[in-house]
Engineer: 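Attaching a single structure in C-alpha cells format; questions to follow.
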Amino acid sequence: MAILQRWLYKQLLLNVKDLSINYRKGNKSVSALQEVSISVSKGEVVAVVGESGSGKSTLGLAIMQLLPPPASVSSGEIILSGKNVLSMPRSEARKECGSMVSMVFQEPVSYLNPVMKVGDQISETLMIHENISKREAISKAIHLFRRVKIFDPERVYNYYPHQLSGGMAQRACIAMAIACGPSLMIADEPTTSLDLTIQAQVLHLLKELREEMQMAMILISHDLRVVSGMADRVVTLYAGRVAEEGTVSDIFHEPKHPYTRALMRASGLGNLDRTYDVGGSLPDLANPPSGCRFQPRCPFAFEPCGRQPPENRMKEDYRVYCWLYDKKEGKGEDSS
Ligand code: ATP
Ligand code: MG
C-alpha cells in the first residue's frame, strides 16, 4: 500500500487543495469557488463539467495564475509538481506555471494579437522560451502549424488573426499552447464557439496531441458528451463546489449526485427519467444558500441539506458531496 501511495504521489502533477476564490463586485463578494480540490496525474485527462457560472474558468485561470484583479484567493493551495505556487511571489509563480501549463480558451480570436501575424506570435514565444534564432523559430512554428493540421502552413504563417476561420484560429492557439511542450494543458470549452463538424475535428486533434505528447489535460466543458470520449476522470462542479468526482465509467454508468444526473439527462445521456429535469438556475453566489448549494433545486432535498454542506463519505478516489450518500444522517444509501 505504501509503495502504491508513493508511486501515486510521484505521478501527481497538480494538486489543488480546498481552493476558495471570491470576486469583488461593488460592495459584494461573489463566492466563485468554495473549498475545491482536484488532482491531476501525469498524462491524465480530468474533465471539469458544470453549467454556466459554476466556476470552471475561474478554476482554470487560478491554476494558470491568470485570475483577473477582482478575484482573490481566500484559502487553499495549488501544488504544481510538488510546489505550492500560491505561496510564491506572483512573478515566480507565473514563471513556474508558464513552463509547465498552457491554456486554450473558448474564443480563440480574442487570445491572438490582432495586429501581429499569427506565425510571428508563435515564433516570438519560441525565441524567448527556447533562446533560438528567428530562422529556427520560424521553421519550428511552421512545423507546429503542420502538427495541428493547418493546411498550407507557410502561407498561414503570414496571416493576421482576422483572416483565420474559427477552427483555424483555434488550431493556431493550440499550436501556441503546445509550443513549449507543457506537461498540462487546460482546455476551457475549446470547441464551444465552433461549428459542429469543426468541433469534432478539433477534439480529435486535442486527443491525438495529448496521446503523442503524453500531456495531462484539464478539459472544461458544460457538455458531458464532449468529455465522454476523452476523459479519464470527471469532476462535476456546481455553484463553485465539487458535487461529484469519479472515473469516466463511474460517472457515465452510475452517476450518484442528483446534479450529475441532471447534467446527464440534459446532455441526452443515461437512462434517467424526468425527475432529473431540474428547473431554475444557479443561486446568487454573493449570497449562496447555506448547506448544500444545490439543495434549492434538488428533487431529493431533505432535512440536513439546507443545514450543513455535505461531506464526502465515499472512497478517496470517488467523491460524492450529497447527504443522500451520507451514512450518519442520510438515507443510508450504499457508501461502500
Ligand atoms: P461559463 O460556462 O459561462 O464559462 P464558468 O463555469 O466558467 O461559466 P466562471 O466564469 O468561472 O464560470 O464564473 C464563476 C462565477 O464567478 C460566476 O458567478 C461569475 O459571474 C463570477 N465571475 C467570473 N468572472 C468574474 C469577474 N471578472 N468579475 C466578477 N465576477 C466574476
Ligand atoms: Mg467559463
Side-chain angles (χ1 to χ4, degrees), residues 14 16 18-38 46-76 78 86 90 97 101-111 166 170 173 177 185-194 199 202-203 206 217-227 231 234-245 251 257 259-260 262-264 266-267 278 280-290 292-297 309 321:
L14 171 75
V16 175
D18 295 326
L19 185 67
S20 298
I21 291 176
N22 295 290
Y23 287 100
R24 268 186 321 280
K25 233 179 189 172
N27 54 6
K28 286 184 182 170
S29 175
V30 172
S31 166
L33 292 183
Q34 182 70 33
E35 291 166 11
V36 167
S37 297
I38 72 161
V46 177
V48 175
V49 290
E51 67 199 292
S52 183
S54 54
K56 307 180 297 295
S57 297
T58 302
L59 178 62
L61 294 171
I63 297 166
M64 276 300 284
Q65 302 295 302
L66 286 178
L67 282 174
S72 63
V73 176
S74 52
S75 63
I78 298 177
L86 291 182
R90 189 104 197 230
C97 291
V101 192
S102 65
M103 193 156 176
V104 174
F105 300 88
Q106 180 173 344
E107 294 291 342
V109 177
S110 50
Y111 287 90
Q170 192 58 298
C173 286
M185 178 190 275
I186 303 174
D188 187 355
E189 306 266 9
T191 58
T192 309
S193 66
L194 308 175
Q199 279 188 13
V202 169
L203 270 182
L206 284 173
M217 184 179 278
I218 296 181
L219 179 60
I220 294 175
S221 179
H222 61 275
D223 187 346
L224 275 164
R225 269 173 313 178
V226 168
V227 308
V234 180
V235 176
T236 51
L237 261 192
Y238 180 78
R241 274 188 173 272
V242 172
E244 183 166 2
E245 178 192 349
I251 299 290
H257 198 289
Y259 179 60
T260 314
L263 279 179
M264 292 279 283
S267 305
V278 295
S281 51
L282 287 185
D284 175 9
L285 295 179
N287 189 17
S290 55
C292 171
R293 290 187 173 185
F294 187 54
Q295 159 259 323
R297 293 167 78 186
Y321 294 85

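Atoms within each ligand, like the ligands themselves, are counted from 1 in listed order. Residue numbers count from 1 along this sequence.
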Engineer: Regarding ligand 1, does Gln106 bring an N or O atom to under 3.5 Å of one of the ligand's N or O atoms?
Structural biologist: no
Engineer: Would you give the length of the straight line joining atom OH of Tyr238 to atom OG1 of Thr260, rounded to the nearest 0.5 angstrom?
Structural biologist: 12.0 Å
Engineer: Is it the case that the side chain of Ser20 and the backbone of Ser75 share a donor-acceptor pair, with hydrogens and angles ignored and the cut-off at 3.5 Å?
Structural biologist: no
Engineer: To the nearest 0.5 Å, what is the distance between CD on Glu51 and CG on Asp223?
Structural biologist: 13.0 Å
Engineer: How far apart are the C-alpha atoms of Ile186 and Leu59, what are their side-chain angles, what is the distance that settles it, and do they pass the side-chain contact (heavy atoms from CB on, under 4.5 Å) test?
Structural biologist: CA-CA 10 Å; Ile186 303 174; Leu59 178 62; over 6 Å; no
Engineer: Scan the protein's non-hydrogen atoms and note whether one is under 4.0 Å from atom 19 (C) of ligand 1.
Structural biologist: no
Engineer: Are the side chain of Gln199 and the backbone N or O of Leu194 linked by a donor-acceptor pair below 3.5 Å?
Structural biologist: yes
Engineer: Quick check for you: to the nearest 0.5 Å, what is the distance between Gln170 atom CD and Thr191 atom OG1?
Structural biologist: 8.5 Å
Engineer: Under 2.8 Å from the Mg ion (ligand 2) - does any N, O or S atom of Ser57 fall there?
Structural biologist: yes
Engineer: Do me a favour and list the nearest non-hydrogen protein atom to atom 8 (O) of ligand 1 with residue, atom name and distance?
Structural biologist: Gly53 N, 2.8 Å
Engineer: Which ligand 1 atoms are under 4.0 Å away from a heavy-atom of Leu285?
Structural biologist: 18 (O)
Engineer: Tell me, which protein residue and heavy-atom name are nearest atom 28 (N) of ligand 1, and how many Å apart are they?
Structural biologist: Tyr23 CD2, 3.6 Å
Engineer: Hey, does Gly55 come in under 3.5 Å of ligand 1, counting only N/O atoms on both sides?
Structural biologist: yes
Engineer: Begin from the C-alpha positions of Arg241 and Tyr259 and carry the test side chain to side chain donor-acceptor pair (under 3.5 Å) through to its verdict.
Structural biologist: CA-CA 12 Å; Arg241 274 188 173 272; Tyr259 179 60; over 6 Å; no
Engineer: Could you find the nearest protein heavy atom to atom 6 (O) of ligand 1 and give me its residue, atom name and distance?
Structural biologist: Lys56 NZ, 2.8 Å
Engineer: So which heavy atom in the protein is nearest atom 11 (O) of ligand 1, and how far is it from that ligand atom?
Structural biologist: Thr58 OG1, 2.5 Å
Engineer: So which protein heavy atom does atom 10 (O) of ligand 1 come closest to, and at what separation?
Structural biologist: Ser57 CB, 4.0 Å
Engineer: Could you list which atoms of ligand 1 come closer than 4.0 Å to a heavy atom of Ala32?
Structural biologist: 15 (C), 16 (O)
Engineer: Relative to each other, are the rings of Phe294 and His257 parallel, tilted or perpendicular (30° and 60° limits)?
Structural biologist: tilted
Engineer: Geometry only, no angles: is Ser52 polar-contacting ligand 1 at N/O separations under 3.5 Å?
Structural biologist: yes
